[in-house]
**Q** 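Can you read through this structure? Questions will come right after.
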2 protein chains.
Amino acid sequence: MAQPQKSFDAYFKSAFTVDNVIFGFDNGQLKILLIRRNEAPFDNYWGLPGYFVREGEDLDAAAQRVLREVTGLKDVYLEQVKAFGTPGRHDFGRVITIAYYSLVKVEDFELHAAGVAQEVAWHSVSDIESLAFDHEEIVQVAFHRLKRSIRSRPIGFELLPPAFTLTDLQHLYEAIWELDLEKRNFRKKILSMNLLKDLGRSQKGVAHRPAKLYSFDEGRYRELEEDGFNFELKEGKRK
Amino acid sequence: MAQPQKSFDAYFKSAFTVDNVIFGFDNGQLKILLIRRNEAPFDNYWGLPGYFVREGEDLDAAAQRVLREVTGLKDVYLEQVKAFGTPGRHDFGRVITIAYYSLVKVEDFELHAAGVAQEVAWHSVSDIESLAFDHEEIVQVAFHRLKRSIRSRPIGFELLPPAFTLTDLQHLYEAIWELDLEKRNFRKKILSMNLLKDLGRSQKGVAHRPAKLYSFDEGRYRELEEDGFNFELKEGKRK
DNA sequence: AAAGATAGTGTGAAGTGTACAATAACCAGT
DNA sequence: ACTGGTTATTGTACACTTCACACTATCTTT
């Protein structure tokens, strides 16, 4: 560090954290992973997984670390949402938090408590309340961001297993957008994009006509993207 | 501050700043307001207006303050872009910057040097180079964000004078999206949204048929928004 | 074999996007 | 006053997409 001039010292008194809104899709519902804290402040409150960023640690890396601590996963879809820094949001001093959201496949891991977390659990987005710090606001902003992002980027697949049905995909969109979509039109639209690979397999043992299984064809997406293709879904009406 | 436990002290050694990418639209071109710094680090480099956030100062407020110092304006359109915090991006220690962009009307003020700035000037977005810190990256990210935002929110008007022609508006979109739009279709689309108030006046003294002047009808927009209306423009092809 | 359930398909009407062309209004110079 | 130059504004036909609804297919269970 070159000449840390005396006059600037006063500014180097803050801390910053990352908080990660981890979304999962389970049983037709959009969920968020919360931890029950076991340290001050907000001891015993539910809140977002997050912690102070370490010296020399990049922000994205810190968010990934937090995610790994709770889920054991790495290389997960991650997007920065926004910095929250209202003075007084943290008891210990001036603490800015950089909020992220990530998308994980719920069946990829088992939950296990760790670090600040004495308990970890999935919560429905719709009944989130009394979280630590300003985490409720962060969840709202992240959720809103997710709603927009899945319109213009094929990231919904990050929440689904590698093989899924068109109905699964539709339910995912319906859960995130909080509305109902028209089956026929949704299918036509998504299939017309040529982003899904028909796996040639079907569901087994369901008490009705089995649905075909698809996977997201990432290579294909990159090809199309280079040709100027834009993924884009509309939120219709209804609900 | 309640119990700032000893073990957390080590985290309270960072500083954070705000940097503001101030966009203006002048003469058919999208411009960014840059300052030439007169203090270390990067003394004498061009860079974004920005400074350390003060103790007890909200992030948004800090961004507004920085903007006011350079332009004299307040209550300007402001949007947070992203936090940049790569370790080593600042010589004095760990410094996170929260990047914002704002949209101003260039004719609303005179530029005047102040604070860290020994010189202030508009620069074309297209020829930005060798800025202080990671400001080039910040500009790119902010520009990219602007491109997306003007698609789905009626914020382009923030860059235009209170009365403008449809052609002005089209040129604005063309400058931001860096492509050409089809006149007829652009007009039809924008007029069909019913967001423009026909001022009943026209240009004066132009050597051709004078264009009608419009203003953005913000009240109308809020009404429509409540009815579920969504502002949405597409980037067509071309260029 | 019938009932129950969800998957997958056809289709017409309405609405939008696209491309091009024709007409209108103003200034400057003759 | 008339003409040319220049930009504004409007008409319209065709292609493509969205929307709404109904019908057929396939599998399990009883």
Side-chain angles (χ1 to χ4, degrees), chain A residues 27-28 151-152 160-161 163-175 177 179-215 224 227-239, chain B residues 27-28 151-152 160 163-174 177 179-215 224 227-239:
Chain A
N27 216 257
R151 280 172 51 165
S152 51
L160 293 175
F164 52 85
T165 69
L166 291 178
T167 303
D168 290 340
L169 186 58
Q170 181 178 340
H171 287 335
L172 171 63
Y173 273 90
E174 290 177 333
W177 285 340
L179 46 76
D180 295 322
L181 299 169
E182 223 282 326
K183 182 168 62 164
R184 184 73 182 101
N185 302 330
F186 179 80
R187 283 157 176 260
K188 251 193 309 197
K189 180 72 190 175
I190 203 84
L191 285 176
S192 74
M193 292 192 207
N194 277 111
L195 286 174
L196 299 186
K197 200 188 297 171
D198 184 336
L199 295 176
R201 294 185 281 133
S202 296
Q203 293 177 308
K204 298 287 183 213
V206 287
H208 54 76
R209 174 172 178 174
K212 289 203 238 179
L213 293 171
Y214 293 87
S215 71
L224 290 170
D227 298 347
F229 164 82
N230 258 307
F231 184 87
E232 193 82 54
L233 285 174
K234 268 195 193 154
E235 293 173 55
K237 299 129 198 196
R238 300 244 229 158
K239 175 136 186 178
Chain B
N27 215 258
R151 279 172 52 165
S152 51
L160 293 175
F164 52 84
T165 69
L166 291 178
T167 303
D168 290 341
L169 186 59
Q170 180 178 341
H171 288 335
L172 172 64
Y173 274 89
E174 290 177 333
W177 284 341
L179 45 76
D180 295 322
L181 299 169
E182 222 283 325
K183 183 165 62 166
R184 182 72 184 103
N185 302 329
F186 179 80
R187 282 156 179 260
K188 251 194 309 197
K189 180 70 190 176
I190 204 84
L191 286 176
S192 74
M193 293 192 208
N194 276 110
L195 286 174
L196 299 186
K197 200 187 297 170
D198 184 335
L199 295 175
R201 294 185 283 132
S202 295
Q203 293 177 308
K204 298 285 184 216
V206 286
H208 55 76
R209 175 172 179 175
K212 289 204 239 179
L213 293 172
Y214 293 88
S215 72
L224 291 171
D227 297 347
F229 164 81
N230 258 308
F231 184 87
E232 194 82 54
L233 285 174
K234 269 196 192 151
E235 293 172 56
K237 299 129 198 198
R238 298 244 229 160
K239 178 137 190 177

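What you see is a predicted model; the values in this text were computed from it and never measured. Order of the sequence lines fixes the chain letters, A, B, ..., with proteins taken first and strands second; residue numbering starts at 1 for each chain.
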**Q** Could you check if a side-chain atom of Phe186(B) sits within less than 4.5 angstrom of a side-chain atom of Leu169(B), using non-hydrogen atoms only?
**A** yes
**Q** Closer to the 5' end of DNA chain D via nearest nucleotide, is it Tyr214(B) or Val206(A)?
**A** Tyr214(B)
**Q** How many angstroms lie between atom CD of Glu232(B) and atom NZ of Lys189(B), to the nearest 0.5 angstrom?
**A** 8.0 Å
**Q** For Thr167(B), which contact category applies under a 4.0 Å heavy-atom criterion: base, sugar-phosphate, or nothing?
**A** sugar-phosphate
**Q** Nearest to the side chain of Ala211(A), which nucleotide is it out of dT9(D), dA7(C), dC19(D)?
**A** dA7(C)
**Q** Measure the distance from CD on Gln203(B) to P on dT6(D) and round it to the nearest whole Å.
**A** 16 Å
**Q** When the distance from CZ of Phe186(A) to P of dC19(D) is rounded to whole Å, what number comes out?
**A** 13 Å
**Q** Figure out the NE2/C1' separation between His208(A) and dT6(C), and round it to whole Å.
**A** 5 Å
**Q** Check every atom of dC20(C), dA8(D), dA25(C) against the side chain of Pro210(B) and return the nucleotide holding the closest atom.
**A** dA25(C)
**Q** Can you check the Leu213(B) CG to dT9(D) C1' distance for me, whole Å?
**A** 14 Å
**Q** Arg209(A) has an atom CZ; how far is it from atom P of dC23(D), in whole Å?
**A** 17 Å
**Q** Report yes if a donor N or O on one partner sits less than 3.5 Å from an acceptor N or O on the other, where the partners are the side chain of Arg184(A) and the base of dG10(C); otherwise report no.
**A** yes
**Q** Is a donor-acceptor contact shorter than 3.5 angstrom present between the side chain of Lys234(A) and the base of dT16(C)?
**A** no
**Q** Mind calculating the distance between CG (Asn185(A)) and P (dA22(D)) to the nearest angstrom?
**A** 14 Å
**Q** Check the pair Tyr214(B) / Ile190(B) against side chain to side chain contact (heavy atoms under 4.5 Å, CB included), numbers first and verdict last.
**A** CA-CA 12 Å; Tyr214(B) 293 88; Ile190(B) 204 84; over 6 Å; no
**Q** Can you check the Leu233(A) CG to dT18(D) P distance for me, whole Å?
**A** 9 Å
**Q** When the distance from CZ of Arg201(B) to C1' of dC26(C) is rounded to whole Å, what number comes out?
**A** 18 Å
**Q** On a plain distance test, is the side chain of Lys183(B) in donor-acceptor contact with the base of dT7(D) below 3.5 Å?
**A** no
**Q** How is Lys188(A) classified with respect to the nucleic acid when contacts are heavy atoms under 4.0 Å: base, sugar-phosphate, or nothing?
**A** base
**Q** Okay, side chain of Glu174(B), backbone of Leu181(B): is any donor-acceptor separation there less than 3.5 Å?
**A** yes
**Q** Counting only side-chain nitrogens and oxygens, does Lys189(B) get under 4.0 Å of the OP1 or OP2 atom of dG17(C)?
**A** yes
**Q** Identify whether any heavy atom of Thr165(B) sits under 4.0 Å from a base atom; if not, whether one sits that close to sugar-phosphate; answer base, sugar-phosphate or nothing.
**A** nothing
**Q** From the list dT29(D), dT18(C), dG8(C), which nucleotide is the closest neighbour of the side chain of Lys212(A)?
**A** dG8(C)
